[in-house]
Amino acid sequence: MNNAFRKLFATAALLVAACAAQAQSYPARSITWVVPFAAGGPTDALARDIADKVARPLGQAIIIDNQPGAGGTLGSGKTARANADGYTFLVGHMGYMGAAPALYKKLSYDPAKDFEPVFRFPDTPLVLLVPKNSPHKTAADLIAYAKQNPGKLNFGNAGPGSTSHLIAALFASKAGIQITQVPYKGAAPAMNDLIAGQVDAMFDQTNTALPQLAGGRIAPLALTSTQRMAQFPNVPTLSETALPGFEAATWYGLYAPKGTPKDVVQKVYRAYVSAAGDKAWIRKMSELGIQPLSDNAVTPEALKRHTLSEVDKWRQVATEAKLTLD
Ligand code: ASP
């Protein structure tokens, strides 16, 4: 071995040892997961639940940091620019990590280029909800009313480009109706106004809709899943009633800022895999209408592929359904 080669070899060995030491000592302190919506909504609820499970094998607390605004894009942009040291992550979803590039003329981040995908977690279907005393008893009623009264129905949503916004826009586009979208900083404040009758309808995810339905102050009209769900007795799917072929669910993934060490990503991914196999957790999720994904759909690589294909898909969907954020 000549001298130069020996030096190179020694440096490489040191680097490998440093990485291994970092992976072993990680995490050395608490970790932050940014949820870019108000507390109490479906993303927040799911994130808290998963963070709690992932924190155990990692041996450190995971703190949820709610950074609402602009349909999740504000918190996402800030997280893209956070330190890539394994202590800040983004809880991402279909809206700001899939549809946003097609909807926002100016976006302060690129979902595909500015993040390291860590793991994908289960999709959540949505349900069309109205206040308990609404005159509209079915999705067909709602559509018929909107046809007679263009723009009169107010739909609450979690902000421009959130899934509650996108699904309502697709619903209106497929039904051939005009609705008025009313943005909030998350689904939780939108839900408060739905309960109070300040808005006429809203699409919410099943995990937060179910506890509210139990309170009896809102009523479900139709599900966005292709199959009916036992948790929603007598609630039809949109596809079987008003809009054949309609199907929607919010997908989720955990992302780290670009440059986060690969071994950190692997460690967090493995912590999730070990937690997500827990039977009691799977049962709890299923009670909330959420089904587990297959193992090969959860990996960092799978989330990367999924993100890329969703960004492409939403460019087409947005054009076809004329979705804009004017
Ligand atoms: N995920 C919700 C939506 O996009 C927002 C939230 O979780 O508050 O509609």
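Numbering of ligands and ligand atoms starts at 1, following listing order. Heavy-atom basis, side chains included; hydrogens, waters and symmetry copies ignored. Here the structure is a predicted model, which means the values were calculated and not measured.
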Notebook entry, point to check: Salt bridge check: are Asp44 and Arg48 linked by an N-O gap of less than 4.0 Å?
Noted result: yes
Check: Considering only heavy atoms, does Gln205 approach ligand 1 within less than 4.0 Å through its side chain, its backbone, both, or neither?
Finding: side chain
Notebook entry, point to check: Are the aromatic ring centres of Phe37 and Tyr96 under 6.0 angstrom apart?
Noted result: yes
Notebook entry, point to check: Of all the non-hydrogen atoms in the protein, which one sits nearest to atom 5 (C) of ligand 1, and at what distance?
Noted result: Ala158 CB, 3.3 Å
Next item on the list: Do me a favour and list the nearest non-hydrogen protein atom to atom 3 (C) of ligand 1 with residue, atom name and distance?
Entry: Thr163 OG1, 3.2 Å
Margin query: Pair Glu287, Lys284 - check salt bridge (Lys or Arg N to Asp or Glu O under 4.0 Å), show working.
Written below: CA-CA 5 Å; Glu287 280 160 12; Lys284 179 179 165 191; over 6 Å; no
Item checked: Any side-chain heavy-atom pair of Val273 and Phe119 under 4.5 Å -> no
Margin query: For atom 7 (O) of ligand 1, what is the closest protein heavy atom, and at what distance to 0.1 Å?
Written below: Thr43 OG1, 2.5 Å
Checklist line | Subset of ligand 1 atoms that lie under 4.0 Å from at least one heavy atom of Gly186 | finding: 8 (O)
Notebook entry, point to check: Do Phe171 and Thr224 come within less than 4.5 Å of each other through their side chains, counting heavy atoms only?
Noted result: no
Check: Out of curiosity, is Pro42 lining ligand 1, as in a heavy atom under 4.0 Å away?
Finding: yes
Notebook entry, point to check: Within a strict 4.5 Å, meaning less than it, do heavy atoms of the Asp49 and Trp281 side chains meet?
Noted result: yes
Item checked: Protein contact of atom 8 (O) of ligand 1 - nearest heavy atom, named by residue and atom, plus distance -> Ala187 N, 2.8 Å
Check: Ser164 heavy atoms, cut-off 4.0 Å: which ligand 1 atoms fall inside?
Finding: 3 (C), 4 (O), 9 (O)
Note to self: Would His93 count as being in polar contact with ligand 1, using the rule that some N or O on each side must be under 3.5 angstrom apart?
What the structure shows: yes
Item checked: Any Pro125 side-chain heavy atom under 4.5 Å of Leu223 side chain -> no
